[in-house]
Each structure stands twice: as structure tokens, then as C-alpha cells.
Amino acid sequence: MSDWKEIDGGVTAPRGYRASGITAGLKPSGLPDLSLILSEVDAIAAGVFTTSTVRAACVDYCRQRLQAKPSAKAILCNAGQANAATGEQGLADALESAKLLGEALNIPPESILLASTGVIGQRIKMEPLRAGIPRLVAEASETGSDAAAKAICTTDLVPKTIALETMFGDRPVRIGGICKGSGMIHPNMATMLAFVTCDAAVSSHLWQEMLSRAANRSFNQITVDGDTSTNDSLIALANGQSRTPAITEMGADAEKLEAMLTEVCVHLAKAIARDGEGATCLVEVQVSGALDEVSASKIAKTIVGSSLVKAAIFGRDPNWGRIAAAAGRAGVPFDQENLRIQLGDFLMMENGQPKEFDRAAASNYMKSAAEGEYLKADTVVIQVSVGNGSGFAKAWGCDLSYDYVKINAEYTT
């Protein structure tokens, strides 16, 4: 049983945070495109970023800021232009963005972290951003999380948000999060952005370690299309406004906080995978019996990222051979005589041998997932066992539909 409960409020559920999201005119669509998350006090800040060598200016900016000082008061995110592969001018635009927001908030620009999403190779439209920042600041409120969640979206069909609360002694501690992502999603930290707020007091090194581990068990375990973004950013703030004792080393309180942080990240990661461009269902792959968690993780990610597996799920074809083939090419040695594959309740392979099963019923299982309730009954579960080891891991993805090609063929037009 989890030691927390889900609450409303997203990133403004924890104490001491405000947020806003507005339409500044950055997107041609006229949809919301500029967002702000603001802590009332300096917060401990941690981040995990894309592993791509081609990075957006905001990624390099944030890495430098966090290396110099692991704290921040605000996160500014623009949608519409990725500001990646834009050279020195792209970095200059990022620096100006932080300067403008700092002036509007009367805080140093060094206290601001940045994120961008949109078309690679396009600079931020600075004129509408300059005009929009005063309104963005003016509209920041304790109920602004939903507006911020909408303003970071690009091809997303739905905004993605969650908040959890637990008790430390007689005081509540809350963690909230919003994210965006639908395409260009692949497990390399991985276009995906996620922002997490927390009102616990925690040391900077511990908060970074917690976030890195949480990312490995959530955002690094999802894939939509095998493409790693230039802009992937996961930023987490902890401002201590819960007034609970500071957590400075691993122990029961630290483990409890990390478990809740991981749960927030897993929920957001699954929401991204479910909202994969053109997707009709979420796919969860569970791998057990591997030598260790890393090995299980590699197999799970390989299966969930297989285009052939994803296409079969879209076609509601219980083709377990594709699952077996993907497991075998994951780069993790195992005895194929130990391979076991199950789709939902349907056992398809055991001890390396095919099993008789009701193909029509298995197909209907996948059809029903496509009609199921969002993030509750819309999941196709694949269970794979490769031996008797203790290694277990999950990975999430989605099916591959005709619409994925259509959406990405027309992305810049």
C-alpha cells in the first residue's frame, strides 16, 4: 500500500508555489505557449537533461546554472520554438529571456531555469515573449498549474499533471508535477519536458540523487518512436515550505520522499507514453527473472520500443514471436529455454515453447484497451520472464498507428 494520496493542484499543490500559462503569440496556432512556475523562496533545484550531443540552448543554460548553484526560484518555458541548433544567437535569446523575467520578478537571472519546446532550428520569437512576460508574472497564482500545463504542450492531445500528499509526523508534504511529450520520445532522458515541485526540505546532493534515480525508473523507461529530443529536461524544485525537518541523508524519511517522487515521475512518464502521437493505447512491458534491474530494464525497453511489436498491438494481432525476437536482441544474455511471454491473461510461451491460446480473445483484449478509461483501463500489459534472477523492471510505450506518420510528416507545415 502506498503511503500517500492523490490530490488536486499539480505544481501548485505544494506550499509556496505559484504558476501561470498564457498565449503570448509564439505558436502559429494561437494556443497557450508561455508558462511560469514560481517558488516564493529559493528552492533546492535538481535536473536531468537530454543525452543528445545536439542540445537546445536552454539545456546548456540550465546545466551551467545548476552546476554553479543548485537552487532556483522560477522556471520559464516557451512552446513553439525549440531554440535548438540556433547557435550563439539562440544562447543570447535564452539569456535575454532569463534577464527579462528576472527584472519582472525582481530576482537575479541566475535564479531562473529555462526550458523550450517546438520546432528544432527555430529561435524563440523574442518580440512576443518580451511583451508576454509582464502578463505571465501578473497572472501567476496558487491555482495556475493547469494553465501552465497547457502552455507547455505542442502536439500533446491532453495536458499531463499529478500531485501527491503524505504525512511526515503531523505535517503534510506534497509533490506536484506537470509534463509534456507526445513524439520524439526515447529512453535517453528523455520532445519531453517535466517540472516537479516539492515543499519538503532536502539537501541539494540528495535531491539530485533522488531525481536521477526516479528518472531512471520513469522517463528513461518510456519510448514512443525511438528518437531522443534535443530539449529533454526534467527539473525539480524543493522549497522547504512544509516546515518539516530537513532531510540530509538516506533513511526512512528520505526513502519515503523518494518513493513519492518516483511515483509522480512514473505517472507523468506513463501519461507521455499514452499520449504518443497517434497512439490508441498504453503498452506496459514487465520483465522479471533477469540478472539485475539494469538487464531487465534493457529487455523491457527493447520490447516496448520495437516497431514490429507496436504495429502488431495497433493491429490487435497477438504476435508473440515479435516480442520474443525483441527480447532476444536486447543485448542481455539469457537461456531461451527459460523464456515466458504473457499478454494480459493469455500465456503464449513458456519454457521457450509456444502455448495454445485463444487468439480471438487475445485480440479483443487489445481492442478493449483502446476503448478503456485513460491511464486506468487503457493499458496492454506484456509480461516476460527470462530466468530466475532477481532483476525486475517496467517500461512504457504505445502502439504505432497510421496517424503517427501523418502527424510527423506534416509537423513543420
Side-chain angles (χ1 to χ4, degrees), residues 2 4-13 19 21 32 35 37 48 77 79 115 117 145-164 175-187 189-197 211 214-225 229 231-236 260-286 300-301 304-305 310 313 369-381 394-401 403-404 407:
S2 60
W4 52 74
K5 63 180 180 180
E6 189 168 341
I7 59 174
D8 295 329
V11 290
T12 52
S35 67
I37 298 171
V48 182
C77 179
T117 182
S145 181
D146 286 348
K150 291 175 183 175
I152 65 175
C153 292
T154 50
T155 59
D156 306 59
L157 296 177
V158 294
K160 303 164 181 70
T161 180
I162 189 174
L164 300 177
I175 300 180
I178 61 174
C179 71
K180 65 84 54 181
S182 186
M184 198 176 277
I185 302 294
H186 189 59
M189 221 338 277
T191 300
M192 128 176 184
L193 302 176
F195 308 121
V196 174
T197 58
L211 188 68
N216 282 337
R217 290 172 176 159
S218 58
F219 298 109
N220 277 341
Q221 288 296 107
I222 60 172
T223 184
V224 169
D225 46 24
S229 170
N231 291 55
D232 288 342
S233 300
L234 166 61
I235 298 171
M260 189 162 70
L261 172 64
T262 302
E263 182 66 19
V264 165
C265 290
V266 166
H267 176 91
L268 295 175
K270 288 168 67 175
I272 289 175
R274 174 61 185 92
D275 198 28
E277 290 165 345
T280 69
C281 62
L282 179 69
V283 180
E284 177 175 296
V285 177
Q286 305 172 2
K301 286 190 287 188
V304 83
K310 290 155 63 71
I313 293 171
E371 300 166 358
E373 186 179 356
Y374 179 71
L375 287 183
K376 291 183 178 178
D378 59 351
T379 307
V380 171
V381 178
K394 294 181 183 179
W396 298 273
C398 58
D399 56 345
L400 181 61
S401 73
D403 284 341
Y404 176 83
I407 290 166

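Everything numeric in this text was worked out from a predicted model, so none of it was measured. For reference, positions follow the sequence shown, starting with 1.
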**Item:** Qualifying residues under side-chain hydrogen bond (donor to acceptor under 3.5 Å, both in side chains), relative to E263, sequence neighbours excluded
**Value:** none
**Item:** Derivation of the side chain to side chain contact (heavy atoms under 4.5 Å, CB included) call for Q286 and V381
**Value:** CA-CA 8 Å; Q286 305 172 2; V381 178; 3.7 Å; yes
Roughly how far, to the nearest 0.5 Å, is the [atom2] atom of [Y] from the [atom1] atom of [X]?
| X | Y | atom1 | atom2 | answer |
| --- | --- | --- | --- | --- |
| K301 | I222 | NZ | CD1 | 11.0 Å |
| M260 | I175 | CE | CD1 | 4.0 Å |
| S35 | K150 | OG | NZ | 13.5 Å |
| C179 | D156 | SG | CG | 8.0 Å |
| N220 | T223 | CG | OG1 | 11.0 Å |
| C265 | I162 | SG | CD1 | 10.0 Å |

I'd like to check [X] versus [Y] (side-chain heavy atoms, cut-off strictly below 4.5 Å). Are they in contact?
| X | Y | result |
| --- | --- | --- |
| Y374 | V158 | yes |
| F195 | I152 | yes |
| V283 | K310 | no |
| T379 | W396 | no |

**Prompt:** Can you tell me if S145 uses its side chain to pair, donor with acceptor, with the backbone of V11 under 3.5 Å?
**Reply:** yes
**Prompt:** Any chance CG of D8 has more than 12 other-residue heavy atoms, nucleotides or ligands included, within less than 6.0 Å?
**Reply:** no
Which heavy atom of [X] sits nearest to which heavy atom of [Y], and what is that distance?
| X | Y | value |
| --- | --- | --- |
| C77 | L193 | SG-CD1, 3.6 Å |
| A151 | A79 | O-CB, 3.5 Å |
| A13 | I7 | CB-CD1, 4.0 Å |
| D399 | A279 | OD1-CA, 3.4 Å |
| G397 | V304 | N-CG2, 3.2 Å |
| T161 | G10 | OG1-CA, 3.3 Å |

**Message:** Distance alone, cut at 3.5 Å: any donor-acceptor contact between the side chains of T154 and K180?
**Reply:**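 There is such a pair between these side chains.
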**Request:** With side chain to side chain contact (heavy atoms under 4.5 Å, CB included) as the test, would you mind laying out the steps for I37 and I178 before giving the verdict?
**Result:** CA-CA 10 Å; I37 298 171; I178 61 174; 4.1 Å; yes
Can you give me every donor-acceptor pair (side chain of residues 267-274, partner residue at least two apart or in another chain, under 3.5 Å) with its distance?
| residue | atom | partner | partner atom | Å |
| --- | --- | --- | --- | --- |
| R274 | NE | D378 | OD2 | 2.7 |
| R274 | NH2 | T280 | O | 3.2 |

